[in-house]
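Everything below concerns the one structure shown next.
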Amino acid sequence: MLMSIKVRYFASLKESVGRSEDNLAFTGLSTVNEVWNRANPGRSLPANILAAVNMDYVELDSNVKDGDEVAFFPPVTGG
Amino acid sequence: MLMSIKVRYFASLKESVGRSEDNLAFTGLSTVNEVWNRANPGRSLPANILAAVNMDYVELDSNVKDGDEVAFFPPVTGG
Amino acid sequence: MAIKICAEVFDPYLEIQAYQNENPSKGGAVGATSIFIGTMRDFNEGDAVKGMTLEYYPGMTEKQLEKIITEARQQWHVIDTLVVHRVGEILPAQPIVLVAVWASHRGDAFDACRYIMDALKSKAPFWKKELLATEDERWVVENTDGYKRC
Amino acid sequence: MAIKICAEVFDPYLEIQAYQNENPSKGGAVGATSIFIGTMRDFNEGDAVKGMTLEYYPGMTEKQLEKIITEARQQWHVIDTLVVHRVGEILPAQPIVLVAVWASHRGDAFDACRYIMDALKSKAPFWKKELLATEDERWVVENTDGYKRC
């Protein structure tokens, strides 16, 4: 099955990966963690990074499905 | 020793004693409780009434001295 | 630090802004402002209320409020405080009390504001008499813990 | 209930008043309003700070704020809430966040306001980058528990 996944990066993580967004297309089921690895080969996910799928927080081993928006970002510091 | 004591009543207690203030003059040491009894002979101090001497909360067995202002009032309901 | 007893209706937001304008120096140190505004409800204990009279003990009320604020400042890191309390005849929706606490950090601001409000409700000599829709008058007997009962 | 993300400087008191004027019906039921305003300090972690940029995740930020407010309303008796959060370039003393909670009783107002603020600080996707007086930039790494350390 072809998966089309948008990946977004925010704040200090956006600066360290050097981009704000990736659009992945690949076949086969996947998890959030695997999405990171496909988008950032050879670079391990930094500690403390949070992940969201379709704007809800998820664990890194959550599944993703075709059309999902996956986001990675550091701990939030608003307020 | 001559004691001159101002007694004040507030809120529902003021309405039930029918006055806002007494000016007592008597000889001998006294406590807050005795001040009530001198000012209101035959009427016992209602339950839950709070007392203050010179605008600080006190227990009913606290001593009073010449010139003190003694106040009696029900639980406070501000805010 | 300011304590005001108001015999006329007051606007809590104008009071805060006026106080901040008179005390602009604290600007950059303040990270957190916690504000509580108590307003008159048009119901109490299941009855419709159309007015209220607030009595106080001039002198003692201010003295107790100062004491409460001092206690708060001993427990938390507070930059400044403003307390305004209404007395006299009050109508529904009018403000009764304003407590504002300025601090560097939010925990200090929240805790100190709540401490001042709770202590004010149990120690500051104010007394409310309600005028019910039925024209009956009654003294409020005791302040509650501040939560709605189900 | 309203949630606003502001790219320009906002006045928290005008925001509250405008919101109340647009929603006047709640007047007589409200006995307690608890308000928190977070403003930008000119120091952090021992360094002078002269500016800040606030980044957010459009869509997720609003979604998470709605969720937080729903959680608060499930736990306390709340009449209404207003949350305003600044994004973009910010200068010291400017407001960053406003949380206002209207309730019948003070315990509900205080608890819900604090819950929303604490949850916002740990769950709403906003990120601060500080511009120091030295011209260095740095990302704020983590929100603290909100108390001044001695």
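Residue numbering restarts at 1 for every chain, and letters A, B, ... go by the order of the sequence lines.
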Validation: residues 45-52 of chain D side-chain donor-acceptor distances under 3.5 Å, sequence neighbours left out:
unit_1: D:Asp47; atom_1: OD2; unit_2: D:Arg138; atom_2: NH1; d: 2.7
unit_1: D:Asp47; atom_1: OD2; unit_2: D:Arg138; atom_2: NH2; d: 3.4
unit_1: D:Lys50; atom_1: NZ; unit_2: D:Glu135; atom_2: OE2; d: 2.3

Find the distance between CZ (C:Phe110) and OG (D:Ser34) and round it off to the nearest 0.5 Å.
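The OG atom of D:Ser34 is 6.0 Å from CZ of C:Phe110, to the nearest 0.5 Å.
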Which value, rounded to the nearest 0.5 Å, describes the distance between D:Thr33 atom OG1 and C:Ile37 atom CD1?
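Atom-to-atom, D:Thr33:OG1 and C:Ile37:CD1 are 5.5 Å apart.
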Side-chain contact, heavy-atom cut-off 4.5 Å: [X] with [Y]?
X	Y	value
D:Asp111	C:Arg114	yes
C:Trp76	D:Lys148	no
D:Tyr13	C:Ile16	yes

Let's test your reading of the structure: which of D:Ala93, D:Pro92, D:Gly31 forms the most heavy-atom pairs below 4.5 Å with chain C?
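Of the options given, most contacts go to D:Gly31.
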Is it true that a side-chain atom of C:Thr39 and a backbone atom of D:Val30 form a donor plus acceptor pair closer than 3.5 Å?
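Present.
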Please name all residues satisfying side-chain contact (heavy atoms from CB on, under 4.5 Å) with C:Gln75, sequence neighbours left out, ordered by chain then number.
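With sequence neighbours excluded, C:Gln75 shows a side-chain contact (heavy atoms from CB on, under 4.5 Å) to C:Glu71, C:Tyr115, given in chain and number order.
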Where along residues 97-109 of chain D does a heavy atom come under 4.5 Å of chain C, listed by residue number?
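The list, in residue order, reads D:Ser104, D:His105, D:Arg106, D:Gly107, D:Asp108.
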Residue-level interface, residues 118-134 of chain D with chain C, non-hydrogen cut-off under 4.5 Å
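From residues 118-134 of chain D, the residues near chain C are D:Asp118, D:Lys121.
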